[in-house]
Amino acid sequence: MAYEHKDIEKKWQEEWRKRGTYRVNNDPSRPGYYVLDMFPYPSGAGLHVGHPLGYIASDIVARYKRHCGFNVLHPMGYDSFGLPAEQYAIQTGQHPAKTTAENAARYRQQLDAIGFSFDWDREVRTSDPTFYKWTQWIFLQLFDSWYDPKTDKARPISELVACFQEKGSIGQDTSTLTGDIEEFVGGFTAEEWRSFDERTRQLVLQHFRLAYISDAWVNWCPAMGTVLANDEVKDGVSERGGHPVERKRMKQWSLRITSYAQRLLDGLDTLDWSESIKEAQRNWIGRSEGATVRFPIGNDFVEVFTTRPDTLFGVCFITLAPEHVLVGKFTTPERKAEVEAYVEIAKNRSERDRMADVAHVSGVFTGSFAKHPFTGADVPVWVGDYVLAGYGTGAVMAVPGGDQRDWRFAKHFGLPIIAVTEGADIEKEADERKDATICSDGFLKGLKVPQAIKRAIEELERIGAGQGRINFRLRDAAFGRQRYWGEPIPIYYKDDIPYALPESELPLELPAVDKFLPTAEGEPPLARAANWNYQGHPLETTTMPGWAGSSWYFLRYMDPGNNDRFASPEAINYWKQVDLYVGGSEHATGHLLYFRFWTKFLFDRGWIPFDEPAKKLVNQGMIQGISMMARVAVDRSNGVERYLVLPKEKHDTPGAFDRNYLIDQVNFKEGRYFINEEGAARTRAKEAIFREFHLGAPEVELTPVVEKMSKSKFNVVNPDDIIAKYGADTLRLYEMFLGPLEQSKPWDTNGIEGTFRFLRKFWNLFHDPNDAFHVREAEPTKPELKILHATLKKVSEDIGKLSFNTSVAQFMIAVNELGTLKCDKRAILEPLTIALAPFAPHIAEELWQRLGHAESITAAIWPTWDEQYLVEDSFSYPISFNGKTRLQLEFPIALSKEEVEAQVLANPEVQLRLEGKAPKKVIVVPKRIVNIVV
RNA sequence: ACGGACGUGGCGGAAUUGGUAGACGCGCUGGACUUAGGAUCCAGUGCCGCAAGGCGUGGGGGUUCGAGUCCCCCCGUCCGUACCA
């Protein structure tokens, strides 16, 4: 009777470790399969019950594929550089390496307790110098590369130099330049290039390198003392910590991901990733087709980007972003004071302020007029903060008749509005329809929008006033962080020019510093290091961002011990892409984009033979916590508001006082104190109650609220507790049973009993009432075989669809039915044990051994199902009248439609219901339904 | 505002892709066994109704012999993105 999960799980976890059961070799004689989990950042809080969800799913797939004969790579490691460890280091002086190691050890313990089939010999840690040596190496490859738009791939910078030697450059040359070029690159002849000194050449090359340093607008987060990439900023505040972020221009390392914009977009179509992730990436890349248009101003010009060149005859003014470099130039002396004042205010408004009030229109006239390229009319040039400096050219041609933002601006400042499309009511709003007909005067009149766009671009190009252009929203990625706990950037400076550290100097290890804080001069922490230089030349002091290591770690798992290369060609050719990648959807536009970018780059430079890292991606849903929110009625007569929440074990200890549970911040609502928000009164259901010791018995009401599981919300469920009580196999099954993998769902510990009971019942099939192992060799009966094969079929198919909740349900059905049949036959129980092994490996391994096997069940061949056991010879037809089921009639499967119809109509009960009338129609769907229409 | 996902019992969720809605589990009700049960087993459990029967997959319409599933309109929830020219 006793299913002793504790003993069994401990025994097998030790045994697996001893035997090296999950060790994987790069074995070319067997097909490889690569199942990867997004590796965790080892935080101090440890794992909660939501974290392993994806790991359990991928572990099931990995184990299943192993049974199916694949050589499965299923590794785990740690994304171990990161801010929390550094923040902790700043507070305590403890080196982040130490806390990181401690946290990783704790993670390992927790992961081991769940019984994963990870090959820990392949563990990687991004903060380990043997790992980041290669992160640095890849950075140097990026530094050593430029993107050739003609061949559409990255090439060695030496080839560009050769090209300059020979042909020079015409400047802003689209045959050599790609991406997010913020600076003007002048042209030069081959002779001039050859005459350039080293410094000039290097400065020019910075505009082409895929890893480059430039003065760039960055997201500066003063509270964190570092810059952030665009995907690390949400709603104008840092994603981590929620600190305000401002735009700032500073010297900054960036990666030219924008060169890859089109390929990153196109590649999505080849991937088996969720539509939502692909869509998020498409939006983030933000491709738009249109044209650049030059508006002359005196001897100068302003260039705008528009997706609607068809509306050119509706241009009423031009608006520049406040940060636009030409604002100063185009401002007339008499408007100078006003414009400068406006620009000053607009620039200093934080991103957040700007976003918070998009409804408010503001702007100022520069006093200048541009010439319309088609009509020659004067077009006033304005400055307005609704125009973003970072998109397009930072300037727009305003068409208030066709663009609602321009319309609002025009209305606000009383500027003219020209109707551009037939049927537009420009008094009310702009007409943004893309199927309209152009009505503004000029050669586009009468054309439909798409034709007009084509025609307008042709004309612009003909007269040299502009050209068709594809624009991307994607910006180059800020790569330097003014922080300590990250990979040092392997660059030194000679004459202020960055040079690559020789490969032989890698890894450039993190130096010791006295404090993990910026220097008094505001230099990053690395500037504190003694002798932070290379042959007397200063080394770079910023470090790489969190996503550097994770952009390529999947390759390192293939060959983690390699000292000569990031991974050997043999290993890479064997494992190739990740077959199944499981992780959270929050990485949609960060990690997953950089991951693809680096893969494409390594492909271009010939280091790997594929240009997408993961064929299939699945996002596991979040497991939410249930928070018990308290409403506490309280008398404030003594002027003190203090509430105490006590854990259950202290219920009977009057006066017990636990500071951790003291709540002293409450919000007034509906005449009661509804305690929520941060620092809220929350407690887990059934484990604690609220008590108020100062005021006698208060009125207490607990309302369950489903929300994110987090320490700060007092709703965390620790897997260790679950395992202690029910075992890892029950935890694994229950996490899968909760619902579809991709879906978010609340955790309810109460429900776990069901899966625990299931395992006990499964165990009991193999044991007699005295818990003696008892399995017979007898021939199985037909019903027993049917249950087995139905289960094998369902489970095999469901694993393929990653539908684990329904697999678990099928196992439960099987065990219930076999229990009813008192089945104790090897021919049934043995295959069933293999099928259960991916889900509940410990109990399966134990029963496998008891069945007499010396070798681990992980080596067992997956049992295939045989349809012959599933065929029925009769079917109980639901007989419905006008679609409503009224009775059931059983007929042999072999019966033809006509025979079924005849027999149904002959049935007395059917006759009774027909009341002698002839049915209008009878539909017979074999093995499905009979519907009688009356 | 736009994009994506979704809406089924008291709860988590099934439904062979147009064919018996509510599998499986939790919870609940009743019973058995028991010194006891937060153990186990049996029965029941969508709603209304004594019943016959009726109503039921967010709401409304449609297609169909038949709709949770397909089409149109609306409502609601969650997640992205957010003045992207």
Side-chain angles (χ1 to χ4, degrees), chain A residues 1 234-236 274-284 286-288 290 304-308 311 319 321 354-355 357-359 361 384-388 390-399 402-406 408-409 432 471-474 585-586 588-589 619 621-622 624 626 686 704 706 733-734 737-740 742-755 757-758 760-761 764 794 797 803 805-813 816 819 876-888 919-934:
Chain A
M1 288 304 282
K234 289 234 151 67
D235 302 327
S274 73
E275 208 41 53
S276 60
I277 293 281
K278 291 207 251 186
E279 206 48 39
Q281 292 211 345
R282 285 191 193 106
N283 293 338
W284 191 261
R287 182 184 197 270
S288 48
V304 302
F305 173 73
T306 178
T307 56
R308 295 291 302 277
T311 62
T319 315
R354 270 205 199 182
M355 283 190 310
D357 102 309
V358 290
V361 175
D385 72 356
Y386 78 97
V387 178
L388 303 174
Y391 185 76
T393 61
V396 302
M397 56 176 226
V399 183
D403 184 292
Q404 192 57 27
R405 294 157 301 183
D406 297 338
R408 274 191 9 225
F409 196 82
E432 300 189 335
N471 196 55
F472 294 95
R473 198 189 78 119
L474 183 70
S585 56
E586 66 272 23
T589 50
N619 301 118
M622 239 193 322
Q624 295 147 318
I626 298 178
K686 296 193 177 180
V706 172
L733 279 170
Y734 187 55
F737 187 61
L738 233 35
E742 285 100 328
Q743 212 165 290
S744 288
K745 55 247 160 182
W747 176 271
D748 176 14
T749 301
N750 294 319
I752 204 169
E753 293 283 350
T755 48
R757 265 198 283 270
F758 157 73
R760 270 204 318 246
K761 285 193 237 171
N764 288 342
K794 178 90 177 123
E797 288 175 352
S803 174
N805 54 328
T806 50
S807 312
V808 177
Q810 180 62 37
F811 279 122
M812 289 174 168
I813 293 168
N816 288 343
S876 177
Y877 281 91
I879 313 299
S880 57
F881 290 76
N882 293 336
K884 290 188 203 305
T885 307
R886 286 292 179 250
L887 61 143
Q888 303 266 328
K920 278 190 196 141
K921 199 171 175 185
V922 178
I923 289 120
V924 178
V925 184
K927 282 179 73 181
R928 284 282 142 79
I929 198 168
V930 176
N931 191 17
I932 300 169
V933 187
V934 291

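No hydrogens, no waters, no symmetry mates; every other heavy atom, side chains included, goes into these values. Each chain gets a letter, A, B and so on, in the order its sequence line appears, and its residues count up from 1.
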Listing time: all N or O pairs from protein to nucleotides 43-48 of chain B that are below 3.5 Å?
none

Report summary line: The answer to which of Lys745(A) and Gly286(A) contacts RNA chain B further toward the 5' end, by nearest nucleotide, is Lys745(A)
Query - Any Arg886(A) side-chain nitrogen or oxygen under 4.0 Å from OP1 or OP2 of G54(B) - result: yes
Report summary line: Residues Phe305(A) and Gly392(A): closest non-hydrogen pair is CB-CA, 4.2 Å
Query - Whole-angstrom distance between G10(B) and C6(B), as gauged at atom P - result: 23 Å
Requested in this report: Would you kindly give the CE-to-C1' distance between Met622(A) and G80(B), to the nearest whole Å?
Outcome: 13 Å
Query raised in the report: What does nucleotides 16-25 of chain B look like as a protein-contact string, B for base, S for sugar-phosphate only, - for none, at under 4.0 angstrom between heavy atoms?
Result: B--BB--BBS
Query raised in the report: Taking atom P in both C26(B) and U34(B), what distance in whole Å separates the two?
Result: 25 Å
Report task. Round to a whole Å and report the spacing from CG of Leu733(A) to P of C26(B). Result -> 13 Å
Query raised in the report: Rounded to the Å, how far apart are Asn750(A) CG and G38(B) P?
Result: 14 Å
**Report entry** Spacing of the P atoms in G13(B) and G7(B) (rounded, Å)
**Finding:** 10 Å
**Report entry** side chain to side chain donor-acceptor pair (under 3.5 Å) involving Ser288(A) - partner list, sequence neighbours excluded
**Finding:** Tyr391(A)
Requested in this report: Might you point out which heavy atoms bring Pro740(A) and Asn805(A) nearest each other, and give the distance in Å?
Outcome: N-ND2, 3.7 Å
Query raised in the report: Which residues satisfy the salt bridge (Lys or Arg N to Asp or Glu O under 4.0 Å) test with Asp403(A), sequence neighbours excluded?
Result: Arg405(A)
**Report entry** Integer-rounded Å distance: A39(B) P and Asn764(A) CG
**Finding:** 16 Å
Report summary line: Side-chain contact check for Arg473(A): nearest option of C84(B), A85(B), G4(B) is C84(B)
Report task. Using the P atom on both, measure C47(B) against C28(B) and round to a whole Å. Result -> 16 Å
Query - U8(B) versus U57(B) - spacing of their C1' atoms, nearest Å - result: 4 Å
Query raised in the report: Between Ser744(A) (side chain) and Met622(A) (backbone), is there a donor-acceptor pair under 3.5 Å?
Result: yes
All N/O donor-acceptor pairs, side-chain side in residues 919-930 of chain A, below 3.5 Å, sequence neighbours left out:
none

Query - Base-contact (B) and sugar-phosphate-only (S) positions in nucleotides 28-33 of chain B, heavy-atom cut-off under 4.0 Å, - elsewhere - result: ------
**Report entry** Test salt bridge (Lys or Arg N to Asp or Glu O under 4.0 Å) applied to Lys745(A) - qualifying residues, sequence neighbours left out
**Finding:** none
Requested in this report: Report the relative orientation of the aromatic rings in Phe811(A) and Phe758(A); use parallel for angles under 30°, tilted for 30 to 60°, perpendicular for over 60°.
Outcome: tilted
Query raised in the report: CG of Asp406(A) versus P of C83(B): gap in Å, rounded?
Result: 15 Å
**Report entry** Set of residues satisfying salt bridge (Lys or Arg N to Asp or Glu O under 4.0 Å) with respect to Glu279(A), sequence neighbours excluded
**Finding:** Arg282(A)
**Report entry** Nucleotide A5(B), atom C1' - distance to CD of Glu279(A) in whole Å
**Finding:** 12 Å
Report summary line: Separation of A82(B) atom P from Arg405(A) atom CZ, nearest Å, is 15 Å
Query - Whole angstrom value for the distance that separates C1' of G80(B) from NZ of Lys278(A) - result: 17 Å
Query raised in the report: Is the distance from OP1 or OP2 of A85(B) to the nearest side-chain N or O of Ser288(A) less than 4.0 Å?
Result: yes
Requested in this report: Take atom P in A1(B) and the same atom in A67(B), then report the distance between them in whole Å.
Outcome: 35 Å
Report task. Map Thr589(A) and Gln743(A) onto RNA chain B by nearest heavy atom, then report which one ends up closer to the 5' terminus. Result -> Gln743(A)
Query raised in the report: Got a sec, which residues hit ring-ring contact (aromatic ring centres under 6.0 Å, His included) with Trp284(A), two or more places apart in sequence or on another chain?
Result: none
Query raised in the report: Hey, does the side chain of Arg287(A) come within less than 4.0 Å of C84(B)'s phosphate (OP1/OP2), counting only N and O?
Result: no
Requested in this report: Please list, chain by chain and in numerical order, all residues satisfying side chain to side chain donor-acceptor pair (under 3.5 Å) with Ser585(A), sequence neighbours excluded.
Outcome: none
Report summary line: For Arg473(A), the salt bridge (Lys or Arg N to Asp or Glu O under 4.0 Å) test, sequence neighbours excluded, returns none
**Report entry** Range-with-range stems of RNA chain B (Watson-Crick or G-U pairs under 3.5 Å, three or more in a row)
**Finding:** B:1-7 with B:75-81, B:10-12 with B:24-26, B:27-32 with B:40-45, B:46-48 with B:53-55, B:58-62 with B:70-74
